[in-house]
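Here is the structure we will look at.
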Amino acid sequence: MEGALFLIAGIILLLVVFYDFFYTTLSASGAAFMTKYFSIFLHRVLLAAAKLFGRKIFNLSGVWINLPVLILWLFLFWTGLFLIFSYNPEGVVSSSGKIASTLERFYFTGYVISTLGLGDFKPITPLFEILTSSFSLLGFVIVTTSMTYFISVSSAVIEKRSVSLLIRHLGESPQEVLQNLLKMKASLRGQQFISLQQMIDKHSNSHQSYPVIHFYN
């Protein structure tokens, strides 16, 4: 009975994190519920820290938001697979044939997801052998997909800063922006409008695809 509970809990946890991870990184439609609310919580903590330590702490926005999100994904993948391996504690043994303890199974699970191989332990049931090979491949997919996603987020943040700098160069207030634009030649003013509109449209699309950039102060 206990083994069945571990199996069910592990499957549910993996389904939840699969959906959250792949929707967030591949859909280009925003973040799934877990990543969304975890990011909001981290941002609120960052805002509270800024009141204590000053605005310079906002330089850590990207690290503070993205690194915990990545750790959360990996930990939940790890925990879900560990619960499934705990369905049959005798299904994982050491190189000498000794049944792995709970801590050793947790270690073995992390080793599998890290794509480093089997280490000092190995599965001995057909189901666990299939799971081991599948999640070794999936671990590689998770790492590469995460890196691709965060690179895209970094590019979107750079675009956001470019829009901000362009607007700032036009003036410090809406009135000043309008005055500076009116002083320009009509052709140059038109080019500025077109350039600004294109950059804002691109940023809007990025903001929808990667809402985490909202938390980069």
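This structure is a prediction, so every number in the text was calculated from the model and none was measured.
- Taking the six-membered ring where the residue is Trp, H207 and H203 present perpendicular rings, their angle passing 60° and hence far from 30°.
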Run the side chain to side chain donor-acceptor pair (under 3.5 Å) test on T24 and W73 for me, step by step, so that the C-alpha distance in whole Å, both residues' side-chain angles and the decisive distance to 0.1 Å come before the verdict. CA-CA 11 Å; T24 300; W73 284 334; 5.3 Å; no
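- Checked by atom type and distance alone, the side chain of K160 pairs as donor or acceptor with a backbone atom of I213 at under 3.5 Å.
- Looking at every heavy atom in both residues, L76 comes nearest to L14 through O-CD2, 4.4 Å.
- Within 6.0 Å of CD in E172 there are more than 12 heavy atoms belonging to other residues, nucleotides or ligands.
- Looking only at distances, a side-chain donor or acceptor of N180 sits under 3.5 Å from a matching main-chain atom of E176.
- L26 and L74 fall within the same hydrophobic cluster, defined by Ile, Leu, Val, Met, Phe, Trp and Tyr side-chain heavy atoms under 4.5 Å apart, directly or through other members.
- The backbone N or O of I142 sits nowhere less than 3.5 Å from a side-chain atom of T145 that would complete a donor-acceptor pair.
- For the pair L181 and M184, the minimum side-chain heavy-atom distance is below 4.5 Å.
- Between F21 and F77, the gap from one ring centroid to the other is short of 6.0 Å.
- You'll find the ring centres of W78 and F106 inside the 6.0 Å limit.
- Between the D201 side chain and the Q198 main chain, no donor and acceptor come within less than 3.5 Å of each other.
- Annotation: Y210 is in aromatic contact with Y149 [ring centroid separation under 6.0 Å].
- Using a distance-only test at 3.5 Å, with no hydrogens or angles considered, a donor-acceptor pair links the side chain of E104 to the main chain of S101.
- Between the side chain of T35 and the backbone N or O of A32 there is no donor-acceptor pair closer than 3.5 Å.
- Checked by atom type and distance alone, the side chain of S133 pairs as donor or acceptor with a backbone atom of I130 at under 3.5 Å.
- Looking at Y107 and F121, their side chains come closer than 4.5 Å, going by heavy atoms from C-beta outward.
- For S136 (side chain) and S134 (main-chain N/O), no donor-acceptor pair under 3.5 Å exists by modelled atom type.
- Checked against the 6.0 Å centroid criterion, the rings of F41 and Y37 do not qualify as a close aromatic pair.
- Taking all atoms of both residues into account, the shortest heavy-atom contact from L42 to V69 is CD1-CG2, 4.5 Å.
- Judged by distance alone, with hydrogens and angles left aside, the side-chain atoms of Q197 form no donor-acceptor pair with the main-chain N or O of F193 at under 3.5 Å.
- Using a 30° and 60° split on the angle between ring planes, F128 and F85 fall in the perpendicular class, above 60°.
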Verify side chain to side chain donor-acceptor pair (under 3.5 Å) between Y216 and N66, making sure each step is shown before the conclusion. CA-CA 10 Å; Y216 280 72; N66 290 329; 2.5 Å; yes
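- In terms of heavy-atom proximity, P89 sits nearest to I99 at O-CG2, 3.4 Å.
- Put simply, the side chain of S86 gets close to the backbone of F82: a donor and an acceptor are under 3.5 Å apart.
- Remark: F33 CZ is packed, more than 12 non-hydrogen atoms of other residues, nucleotides or ligands lying under 6.0 Å away.
- Among all heavy-atom pairs drawn from L13 and G80, the shortest one is CD2-N, 3.5 Å.
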